[in-house]
Amino acid sequence: MFNFGWGVLFVLVNFTFFLICYRWFGKKGLYAWIGVATVIANIQVVKTIEMFGIVMTLGNTMYVSLYLTSDLLNEKYGRGEAKKAVWFGFFTLIMTTILMQMALVFTPQPGDFAQKSLKSIFGWMPRLALGSLTAYFISQFLDVRLFAWIRKFYPSRGQLWIRNNFSTMVSSFVDTLIFCTIAFAGQYSLRIWAEILLTTYVIKFVLTAAGTPFLYIARNYHPDEVEAAQAK
């Protein structure tokens, strides 16, 4: 039960930081969130936890926040800005992977204590990055396209939850299937792999629904207008 209670708090803190990032920094803050969340999600996913007897990975909350961010950009600034943000996240993950692999090659001095820990986390990164980059590239652009397509049929402000939830739930299934296959196939038994696949998607499904109220709150912010007025 501790993991569940702590997980609820963890989700609230994550989404609150998402709101603060947009409220304080506007559209630039959303780009910054994409970059930070992409890296953090791929570090957290290395850790597996158990909740209600089911094995799952961390990183899902941060990853769902990426969909929230691209959907918010799509909603308020257009499809072009959402696509640009996806490319920015793609670049961030590639950059982090290359730089950390280069950092691991350095020979540590005898008293160093960080190399082993860094290798435990970032040693997985090439495979995780391959899975994540492939899944991220396909699912995020799918989400942007789906969101824009659904808006043709459900264009009103009150129907944002339809656009957000449907586009994210479809694209996150594609993302989960691709990532789990590349990153974890052969690393765990088939039963554990299937549990991770199923629970990861179910968690993303629930988190998408939980994040919808935060998306509505964020949509009502107008930080860029305030910034423009202050610049005059």
Side-chain angles (χ1 to χ4, degrees), residues 1-23 29-30 32-72 89 92-93 96 117 120-122 124-125 128-129 131-132 135-136 139-140 143 160-161 164-184 187-189 191-219:
M1 286 302 294
F2 172 79
N3 275 352
F4 176 73
W6 190 252
V8 171
L9 177 61
F10 183 72
V11 169
L12 291 175
V13 170
N14 273 264
F15 288 155
T16 299
F17 276 129
F18 163 74
L19 289 178
I20 292 172
C21 198
Y22 181 50
R23 179 72 170 181
L30 295 181
W33 185 269
I34 288 279
V36 172
T38 303
V39 174
I40 291 178
N42 281 277
I43 293 174
Q44 289 179 344
V45 77
V46 176
K47 181 170 182 175
T48 56
I49 63 172
E50 187 174 309
M51 196 179 296
F52 303 116
I54 300 173
V55 177
M56 62 186 71
T57 63
L58 288 180
N60 294 321
T61 305
M62 291 301 290
Y63 211 83
V64 166
S65 75
L66 292 172
Y67 289 105
L68 287 180
T69 307
S70 61
D71 286 350
L72 181 60
T92 303
L93 186 54
T96 302
S117 298
S120 297
I121 297 173
F122 293 103
W124 273 56
M125 206 161 206
L128 290 178
S132 185
Y136 178 89
S139 66
Q140 287 288 338
D143 181 70
L160 173 60
W161 68 274
N164 168 58
N165 282 273
F166 184 80
S167 63
T168 300
M169 288 173 181
V170 172
S171 54
S172 65
F173 176 76
V174 174
D175 169 84
T176 304
L177 180 62
I178 294 172
F179 177 76
C180 286
T181 300
I182 296 176
F184 297 131
Q187 296 294 317
Y188 298 102
S189 67
R191 183 183 67 83
I192 296 296
W193 178 86
E195 280 189 13
I196 292 174
L197 174 66
L198 178 62
T199 55
T200 298
Y201 179 66
V202 170
I203 290 297
K204 287 180 180 178
F205 191 98
V206 172
L207 288 172
T208 298
T212 301
F214 291 88
L215 185 60
Y216 271 85
I217 294 171
R219 186 182 62 177

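- Rounded to the nearest 0.5 angstrom, Ile43 CD1 and Thr38 OG1 are separated by 11.0 Å.
- With values rounded to the nearest 0.5 angstrom, Trp33 atom CH2 is found 9.0 Å from Leu66 atom CG.
- Of the options Val13, Leu19, Ile20, a side-chain contact (heavy atoms from CB on, under 4.5 Å) to Thr16 is made by Ile20 and by none of the others.
- Listed by chain and number, the residues in a side chain to side chain donor-acceptor pair (under 3.5 Å) with Ser167 are Asp143 (sequence neighbours excluded).
- When the shell of 6.0 Å around CZ of Phe205 is examined, it contains 12 or fewer heavy atoms from other residues, nucleotides or ligands.
- In this view, Ile203 and Met56, Asn60, Leu207 satisfy the side-chain contact (heavy atoms from CB on, under 4.5 Å) rule, not counting sequence neighbours.
- Separation of atoms CH2 (Trp193) and CG (Leu198) is listed at 10.5 Å; rounding is to 0.5 Å.
- When all heavy atoms of Glu50 and Asn3 are compared, the pair lying nearest together is O-ND2, 2.9 Å.
- Note that the CZ atom of Phe15 and the OG1 atom of Thr61 stand 6.0 Å from one another [nearest 0.5 Å].
- Once rounded to the nearest 0.5 Å, the distance linking CD1 of Ile34 with OG of Ser65 reads 7.5 Å.
- Using bins of under 30°, 30° to 60° and over 60° for the plane-to-plane angle, the ring pair Tyr67/Tyr63 lands in the perpendicular bin.
- Under the salt bridge (charged side-chain N to carboxylate O under 4.0 Å, His left out) criterion, Asp71 pairs with no residue, sequence neighbours left out.
- Put simply, OG1 on Thr96 and CZ on Phe122 are 8.0 Å apart, with the number rounded to the nearest 0.5 Å.
- Shown here are the side-chain contact (heavy atoms from CB on, under 4.5 Å) partners of Gln44, two or more places apart in sequence or in another chain: Phe10, Ile40, Leu58, Met62.
- Counting heavy atoms from C-beta on, the side chains of Tyr136 and Leu93 never come closer than 4.5 Å.
- At a threshold of 4.5 Å between non-hydrogen side-chain atoms, the residues Asp175 and Tyr201 do not count as touching.
- By the ring pair (Phe, Tyr, Trp, His ring centres under 6.0 Å) test, Phe17 pairs with no residue at all, sequence neighbours left out.
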Only distances under 3.5 Å count here; give the side-chain donor-acceptor pairs of residues 210-218 to other protein atoms, sequence neighbours excluded, each with its distance to 0.1 Å.
unit_1 : atom_1 : unit_2 : atom_2 : d
Thr212 : OG1    : Asn164 : ND2    : 3.2
Thr212 : OG1    : Asn165 : ND2    : 3.0
Thr212 : OG1    : Thr208 : O      : 3.0
Thr212 : OG1    : Ala209 : O      : 3.4
Tyr216 : OH     : Gly158 : O      : 3.0
Tyr216 : OH     : Leu160 : N      : 3.4
Tyr216 : OH     : Trp161 : N      : 3.0

